[in-house]
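Just below is one structure, and these are the notes that go with it.
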Protein chains: 2
Amino acid sequence: MNEEAGDVGEERPLRADAARNREKILAAASRVFAERGLDATLDDIAEAADVGVATVYRRFPDKDALVLALFEDAIDELAALAARAEASENSWEGFVSFLEVMLERQCDNRGLRDVFTGSPYAQERMEAAKERIGPAFSALIARAQADGYLRSDVNVADILAIEMMISSLGGAKGGDAALWRRYLAIALDGLVVRRETTRDLPPSPPLEVIIAALHASKGVHRPHAKSHAG
Amino acid sequence: MNEEAGDVGEERPLRADAARNREKILAAASRVFAERGLDATLDDIAEAADVGVATVYRRFPDKDALVLALFEDAIDELAALAARAEASENSWEGFVSFLEVMLERQCDNRGLRDVFTGSPYAQERMEAAKERIGPAFSALIARAQADGYLRSDVNVADILAIEMMISSLGGAKGGDAALWRRYLAIALDGLVVRRETTRDLPPSPPLEVIIAALHASKGVHRPHAKSHAG
DNA sequence: CAGGATCCGGAGGACATCACTCCACTTGAC
DNA sequence: GTCAAGTGGAGTGATGTCCTCCGGATCCTG
């Protein structure tokens, strides 16, 4: 996938077991970052990969390199998808479908969301990657506005904000469908220019699901236990 | 305000300087928690109050007590405001005005927002306090739905989710008005049953403001610097 | 299969954070 | 003036995280 991250290149092929471990690490990191976000420890990832920490560090010089290897391509792919949505026949559908893509991926992957909220890992390269999405995103918005679908008093920043707000609920489910579909539907009803009826909503969540999602949306800070508690 | 927290009661009046310090601590804690959220250290608060840490701990047995003293009343006040909104003549206006109250307070006060997302400080009492808002909140929603203003396919959990999503942007400003007013307006356009035009939006924010707000919305995790960096 | 380069695990070093305490000293109240 | 009440801030201990060290296991070559 991404040769340059964490290795010298094609200098010397890895020993068989080392190559196997490298894949195990990438797979585990992908799982763990997706579930727990970029705050997950490399120790956690090593454990999930069934490998020692040192092995992780031998393959990837530091956490940044691992994050980069996993997410830079993912972001570039989003940029490509934005460009493809731009080519959509109907500008509103193109706009909506891209929002759906973003939400789907960010809600399935807390690590990806962390990248977008500006995590400190591999910051520079990630900022640069994110900026590669911008132009197509702006174009999608502009076209949907020019065609009279999307209200004209919102801008890129607004749509980005709305997308991030919705994704902050994470991958919680309401019934079968992901929860974000429900709130995207409501947001779209608020963003569309003309609207006769209300859009149908995906299944509603019980209150507990929302509460759990809200609790989970911020980092799971486990404060220190009292040392001298009675 | 709240006698029971952190003191034996009316047993023995505090010495003049001690009473003065207690107020300084409460004021500082209010400021610091509002700005930095409940993760702020008691050391931070002591510094802001221009007082030693020990002084804080002498007045409040632990962090929970301080949080409780500051926020339990605030939440009960929100419950009272919800009840008052219930008495509003127009059910839609009552519903909207309560959302505005919640958003205004939560956006001005990151600590209050932390309480609602379920921070671990004084957890039990806070959960109980929050539940005291529930009934009036449900009633507001039910009435706005019965009167044909609020779409009937949403429930309390949805409104709570939307309110929390919007407040996650914090107290950022777009022009003069707080940013949350803009996204509340859009959400309301998506939540109202019938809608001919779009609601006017408060001033829009530049992209940087949104990005900064997104960065700030999660805890400001400053990861450890590398120790052996070249 | 021998020998050496490569790779491994996991203990632990270095550092940071945070709730909370200890105690020599100061201050207010009578 | 006396002394209980109060104070500051260095210090403690628990926890968390990134990353390294090194004795030993593993793979590849001849």
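Naming convention: chains lettered A, B, ... in sequence-line order (proteins, then strands); numbering from 1 in each chain.
- Each of A:T55 and B:L42 was assigned the nucleotide of DNA chain C with the nearest heavy atom; the assignment lying further toward the 5' end belongs to A:T55.
- By the side chain to side chain donor-acceptor pair (under 3.5 Å) test, B:R84 pairs with no residue at all, sequence neighbours left out.
- Picking from C:dC7, D:dG9, D:dT17 the nucleotide with the shortest atom distance to the side chain of B:A54 gives D:dG9.
- Residues forming a side chain to side chain donor-acceptor pair (under 3.5 Å) with A:D17 (at least two apart in sequence, or on another chain): A:R15.
- Of all nucleotides listed (C:dG28, C:dG9, D:dC18), D:dC18 comes nearest to the side chain of A:Y57.
- Note that OH of B:Y121 and CG of B:L68 are 14.0 Å apart. Values are rounded to the nearest 0.5 Å.
- Phosphate contact (OP1/OP2 of D:dA5, side-chain N/O of B:R58, threshold under 4.0 Å): absent.
- For A:E127, the salt bridge (Lys or Arg N to Asp or Glu O under 4.0 Å) partners at least two apart in sequence or on another chain are A:K130.
- Taking for each of B:L38 and B:R20 the nucleotide of DNA chain C with the nearest heavy atom, the 5'-most of the two is the partner of B:L38.
- Listed pair B:N21 / D:dT7 meets the phosphate criterion, a side-chain N or O lying under 4.0 Å from OP1 or OP2.
- With axes fitted over five pairs at each extremity, the angle between the ends of the helix from C:dC1-D:dG30 to C:dC30-D:dG1 is 0° (10° resolution).
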Protein-nucleic acid N or O pairs under 3.5 Å, nucleotides 4-6 of chain C:
unit_1, atom_1, unit_2, atom_2, d
C:dT6, O2, A:R15, NH1, 2.2

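- The side-chain heavy atoms of A:L81 and A:M102, taken from C-beta on, include no pair separated by under 4.5 Å.
- Listed by chain and residue number, nothing satisfies the side chain to side chain donor-acceptor pair (under 3.5 Å) test with B:S30 (two or more places apart in sequence, or in another chain).
- Each of B:D17 and B:D43 was matched to the nucleotide of DNA chain D holding its nearest heavy atom; the match closer to the 5' end belongs to B:D17.
- The distance from atom CG of B:D50 to atom P of D:dG8 is 8 Å, rounded to the nearest whole Å.
- Distances from the side chain of B:V53 to the nucleotides C:dT21, C:dG28, D:dT7 place C:dT21 closest.
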With a 3.5 Å cut-off and sequence neighbours excluded, list the donor-acceptor pairs that the side chains of residues 44-51 of chain B form with protein atoms.
unit_1, atom_1, unit_2, atom_2, d
B:D44, OD2, B:R36, NH2, 3.2
B:D44, OD2, B:T41, N, 3.3
B:D44, OD2, B:T41, OG1, 3.1

Which atom pairs, donor and acceptor, lie under 3.5 Å between side-chain atoms of residues 164-173 of chain B and protein residues at least two apart or in another chain?
unit_1, atom_1, unit_2, atom_2, d
B:S167, OG, B:Q106, OE1, 3.1
B:S167, OG, B:R113, NE, 2.7
B:S167, OG, B:M164, O, 3.1
B:S168, OG, B:M165, O, 2.6

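- Residues that satisfy the side chain to side chain donor-acceptor pair (under 3.5 Å) test with B:D158, not counting sequence neighbours, are A:R182, A:Y183.
- Distance B:L66 CG to C:dA19 P: 11 Å, rounded to the nearest Å.
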